[in-house]
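A short worksheet on the structure shown next.
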Amino acid sequence: QVQLVESGGGLVQAGDSLRLSCAASGRTGSTDTMGWFRQAPGKEREFVAAIRWSGGSTFYADSVKGRFTISRDNAKITVYLQMNSLTPEDTAVYYCAVGPPQIRVGATLKYDYWGQGTQVTVSS
């Protein structure tokens, strides 16, 4: 079992920044893939960013490239999502997830464990 706990969400204005954290515990593997997804009201859950724990390769959705940065802290087994230049379209519940090492990063069903989510609201 793996437990994921997200934090760092909140209410901000357009143009502001936020940093989300996802702390992992339990049977985490050193070669996992960790991803961030988001779900806005009435919409499907969508891929935001992912990182391969081994090697540190990163992946981003086109909608967040250049604004969001995913990173990891090996010692704390924590993944971060730095979000800059936020817009109202970024408003959603943000989830982190962990899956096996070589999954297609945008494939929601390939992830085995999910956090409870953290709300991000961006006002115009």
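The basis for the numbers below is simple: all heavy atoms, side chains too, and nothing from hydrogens, waters or symmetry mates.
Between Thr58 and Arg72 the shortest side-chain heavy-atom distance does not fall below 4.5 Å. Contact of the Gln82 side chain with the Phe68 side chain is not registered, since no non-hydrogen atoms from C-beta on lie closer than 4.5 Å. Between Val79 and Ile70, the closest side-chain pair of non-hydrogen atoms falls below 4.5 Å. Residues Met83 and Val120 meet the side-chain proximity criterion, which asks for heavy atoms closer than 4.5 Å. Put simply, the side chain of Asp112 reaches to within 4.5 Å of the side chain of Pro100, judged on heavy atoms. Side-chain atoms of Tyr95 and Thr118, non-hydrogen and from C-beta on, never get closer than 4.5 Å to each other. You'll find the side chain of Tyr111 reaches within 4.5 Å of the side chain of Thr33, heavy atoms only.
For the atom pair Gln13 CD and Ser124 OG, the distance stands at 9.0 Å (nearest 0.5 Å). The OG atom of Ser54 sits 8.5 Å away from atom CD of Gln102, with the distance rounded to the nearest 0.5 Å. Distance check, rounded to the nearest 0.5 Å: SG of Cys96 to CD1 of Ile51 gives 13.0 Å.
Minimum interatomic distance between Ser17 and Ser85 (heavy atoms only, all atoms of both residues): OG-N, 4.3 Å. Taking each heavy atom of Ala40 and Ala92 in turn, the nearest pair found is N-CB, 3.8 Å.
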| message | Between Arg104 and Leu109, is the side-chain contact (heavy atoms from CB on, under 4.5 Å) condition met? List the steps. | response | CA-CA 10 Å; Arg104 183 164 64 88; Leu109 295 179; over 6 Å; no

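Aromatic rings from Phe47 and Phe37 are positioned such that their centres are separated by under 6.0 Å.
The side-chain tip of Arg38 does not point at the ring of Tyr94 from less than 6.0 angstrom away and within 45° of straight on.
The closest side-chain donor-acceptor pair between Asp73 and Thr78, if any, does not fall under 3.5 angstrom. Counting only N and O atoms by type, the side chains of Thr108 and Arg45 include no donor and acceptor under 3.5 Å apart. Judged purely by distance below 3.5 Å, without hydrogens or angles, the side chains of Thr91 and Glu89 never pair a donor atom with an acceptor atom.
Residues forming a side chain to side chain donor-acceptor pair (under 3.5 Å) with Arg67 (at least two apart in sequence, or on another chain): Asp90. In this view, Phe59 satisfies the ring pair (Phe, Tyr, Trp, His ring centres under 6.0 Å) rule with no residue, not counting sequence neighbours.
Note: the hydrophobic cluster containing Met34 does not contain Trp114 (ILVMFWY, side chain heavy atoms under 4.5 Å, direct or indirect links). Note on Trp36: it clusters hydrophobically with Leu4, by side-chain heavy-atom contacts below 4.5 Å among ILVMFWY residues. At a threshold of 4.5 Å between side-chain heavy atoms, the hydrophobic network of Ile, Leu, Val, Met, Phe, Trp and Tyr places Val93 and Leu81 in two separate groups. There is no path of hydrophobic side-chain contacts, each under 4.5 Å, that joins Val2 to Val105. Under the 4.5 Å side-chain contact rule for hydrophobic residues, Val48 and Leu20 share a cluster.
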